[in-house]
Amino acid sequence: MARVLVMIPSGEVYDHDSVRWYNYKDVQRSINHYHNIGDAFVFDSSLKLMNYDKLGVLPIAEPKMEDIDRLREEYDYVFLRGSNYVHQSMGWSQTIPVLKRLGLPVIAFGIGAQAPVKGKLELSEETKTVLHMMADSTASIGVRGAYSAQVLWDIGIRNVRIVGCPTAFRRNDPEMRIKLPALEDVQNIGITMRREVSPTYAQDIKRYLTFHRDLVKELAGRFDAVLMSQGEVEEKKLVFGTEEQKEEAIAALKANKWVSDWFLDETVEKLYRERMFYSDVVADYEDLVQSKDLVLGYRLHGNLMALSNGTPSIYFTYDSRTVEFAETYQIPSFDVFSNKEFKLEDYWDQSLFDKYNRAWYQTYGEMHRFLTENGVDHKMTDTSKRIKEPVRKVA
């Protein structure tokens, strides 16, 4: 089996292929630090798709070049977990000299680009160089969707394969399908929360937050709902903090003008205090979504964790990243900036989720081909060799 280096990990590995945040038992050490546990979802899911007997971390922040020489001999390839690396503010630290010295293939495992609200995406020469180095070292470079593929094509990278995200395939079951229960049977739901937002990528912050607020209130009033956060400091304090820290969190939210004006009314504050969920352990999120009849909301990876476990999910799109994901997998989605009314009944349609089932299955095959052509020892099934069921003729 393979000896694998990880570039830009997100959490510590335990039980061979499971991920949790560093020092997860001592929450106070990181309670004032924001980290998106969704990145750990991707790291964890990537490991679950690969076969390997040795795993290490490639240092790119303060590398010692003599260590890089040793790593070259001890490992077979590097993998870069899928994330939003292709944007105008990305910094790569010492990645270029490290990769030049290392000389190993770098598997880009579902990376993505993000477009600003205004103007064209302008990439730094450093980012272009890193992307070309990865593409030149492998048979193909795996990207999130069509927009990311076009961004790479525009800078001269042609060996691109659209593979979505490893989180979608973490259960590694090509027979996985979303089957909707009757809507009247839906009782327990998860709402994936994203209070923090940047005007660089979301075109109307007032609409974003007021719609988010009203959606949470409506769904929490209709169902037994859990608010699923992914690492914002205030939300984390409300789950793990002392009583003093919980009050600090509410005070900080109220001091934020956007939040106080457009999001945190009395009802939402009560829900924040009573129904908030956060964990530093990826498996806890998987356990949670498996217990839900529906998971929906603003979080790309929180929603995808649900879908990967057979739980229906609806995306609320607000930037190029969430739109691209919904398009790649044909996930039922609602445009937050459409100024339309969201009605859950309009999305409770098996034919919509059958489009997702088909797109997911096709992308599963693309991920299998991507890993195979890049020489990655993996666990995925070759769906192109499956025996097809005979087509039944209608009398």
Side-chain angles (χ1 to χ4, degrees), residues 4-50 52 55-62 78-85 90-91 93 109-112 165-168 170-171 190-196 226-242 245-246 248-249 252-253 272 275-292 295 297-306 308-309 321:
V4 182
L5 276 173
V6 183
M7 188 164 80
I8 315 181
S10 186
E12 64 180 22
V13 179
Y14 68 101
D15 292 346
H16 186 68
D17 62 1
S18 296
V19 176
R20 60 198 176 199
W21 197 246
Y22 310 99
N23 303 306
Y24 79 102
K25 288 185 177 180
D26 186 3
V27 178
Q28 288 294 326
R29 290 185 63 175
S30 62
I31 203 160
N32 289 305
H33 168 71
Y34 171 72
H35 55 267
N36 182 0
I37 197 66
D39 290 336
F41 292 6
V42 185
F43 186 21
D44 181 290
S45 302
S46 302
L47 298 179
K48 284 177 167 48
L49 295 180
M50 298 190 297
Y52 58 90
L55 189 71
V57 175
L58 177 66
I60 60 171
E62 297 178 353
V78 181
F79 95 84
L80 176 64
R81 62 170 176 81
S83 190
N84 217 45
Y85 301 117
M90 181 64 189
S93 190
F109 210 159
I111 64 174
C165 174
T167 301
R170 60 181 284 110
R171 306 291 297 181
I191 307 172
T192 60
M193 307 292 293
R194 189 185 180 103
R195 168 185 55 82
E196 291 187 336
V226 172
L227 310 187
M228 299 168 57
S229 60
Q230 284 187 203
E232 294 91 339
V233 170
E234 287 74 25
E235 284 80 346
K236 189 161 51 173
K237 285 183 176 180
L238 287 169
V239 176
F240 290 133
T242 63
Q245 288 171 329
K246 289 178 181 180
E248 286 176 359
L253 291 170
Y272 256 51
R275 302 200 193 179
M276 186 66 66
F277 172 88
Y278 175 75
S279 176
D280 274 334
V281 182
V282 173
D284 290 346
Y285 283 87
E286 187 152 54
D287 289 343
L288 180 66
V289 300
Q290 289 174 351
S291 72
K292 300 304 172 189
V295 172
Y298 279 58
R299 280 290 183 178
L300 188 154
H301 291 295
N303 295 342
L304 197 57
M305 177 66 82
S308 70
N309 280 274
R321 188 179 56 105

Requested in this report: For the pair L288 and F277, evaluate side chain to side chain contact (heavy atoms under 4.5 Å, CB included) and give the outcome as yes or no after the intermediate values.
Outcome: CA-CA 9 Å; L288 180 66; F277 172 88; 3.6 Å; yes

Requested in this report: Go through the steps to decide whether M276 and M228 satisfy the test side chain to side chain contact (heavy atoms under 4.5 Å, CB included), and finish with yes or no.
Outcome: CA-CA 6 Å; M276 186 66 66; M228 299 168 57; over 6 Å; no

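- I111 is listed as a side-chain neighbour of L80, based on a closest heavy-atom distance under 4.5 Å.
- Here CD of Q230 is found 7.0 Å from OG1 of T192. Values are rounded to the nearest 0.5 Å.
- The shortest distance between side-chain heavy atoms of S30 and W21 falls below 4.5 Å.
- Contacts classified as salt bridge (charged side-chain N to carboxylate O under 4.0 Å, His left out) and involving residues 5-14 (residues at least two apart or in different chains) are given here: E12-R20.
- Pairs engaging residues 22-42 under the salt bridge (charged side-chain N to carboxylate O under 4.0 Å, His left out) rule: D39-R81 [sequence neighbours left out].
- Annotation: side chain to side chain donor-acceptor pair (under 3.5 Å) contacts of S10 (sequence neighbours excluded): none.
- S46 and F79 make their closest contact through CB-CE1, 3.7 Å (heavy atoms, listed as atom of the first residue, atom of the second, distance).
- For K48, the salt bridge (charged side-chain N to carboxylate O under 4.0 Å, His left out) partners at least two apart in sequence or on another chain are D17, D44.
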Report task. Apply side chain to side chain contact (heavy atoms under 4.5 Å, CB included) to the pair V295 and N303, showing each step before the final yes or no. Result -> CA-CA 6 Å; V295 172; N303 295 342; 4.0 Å; yes

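- In this structure R171 satisfies the side chain to side chain contact (heavy atoms under 4.5 Å, CB included) test together with M176, E286, Q290, N309, sequence neighbours excluded.
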Report task. Determine, stepwise, if the pair Y85 / I8 fulfils side chain to side chain contact (heavy atoms under 4.5 Å, CB included). Result -> CA-CA 11 Å; Y85 301 117; I8 315 181; 3.9 Å; yes

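- Residue pairs satisfying the salt bridge (charged side-chain N to carboxylate O under 4.0 Å, His left out) criterion with at least one member in residues 227-238, sequence neighbours excluded, are listed as follows: R195-E234, R195-E235, E232-R299, K237-E248.
- Taking the six-membered ring where tryptophan is involved, the planes of Y52 and H16 are essentially parallel, since the angle between them stays under 30° and well short of 60°.
- For the side chain to side chain contact (heavy atoms under 4.5 Å, CB included) test, residues two or more places apart in sequence or in another chain that qualify with T167 are F41, V42, S45, C165, R170, H301, L304.
- Judged as a ring-ring contact (aromatic ring centres under 6.0 Å, His included), and not counting sequence neighbours, Y24 has no contacts.
- You'll find the side chain of Y285 reaches within 4.5 Å of the side chain of I37, heavy atoms only.
- By the side chain to side chain contact (heavy atoms under 4.5 Å, CB included) test, V27 is found to be paired with I31, F240, residues two or more places apart in sequence or in another chain being considered.
- Residue pairs meeting the salt bridge (charged side-chain N to carboxylate O under 4.0 Å, His left out) criterion with at least one member in residues 275-284, sequence neighbours excluded, do not occur.
- In this structure S93 satisfies the side chain to side chain contact (heavy atoms under 4.5 Å, CB included) test together with A61, sequence neighbours excluded.
- Side-chain atoms of Y278 do not come within 3.5 Å of backbone N or O of S229 as any donor-acceptor pair.
- Taking both residues in full, the closest heavy atoms of P9 and Y22 are given as CG-OH, 4.1 Å, listed atom of the first, atom of the second, then distance.
- Looking at residues two or more places apart in sequence or on another chain, you find no ring-ring contact (aromatic ring centres under 6.0 Å, His included) involving F43.
- Between L55 and V13, the closest side-chain pair of non-hydrogen atoms falls below 4.5 Å.
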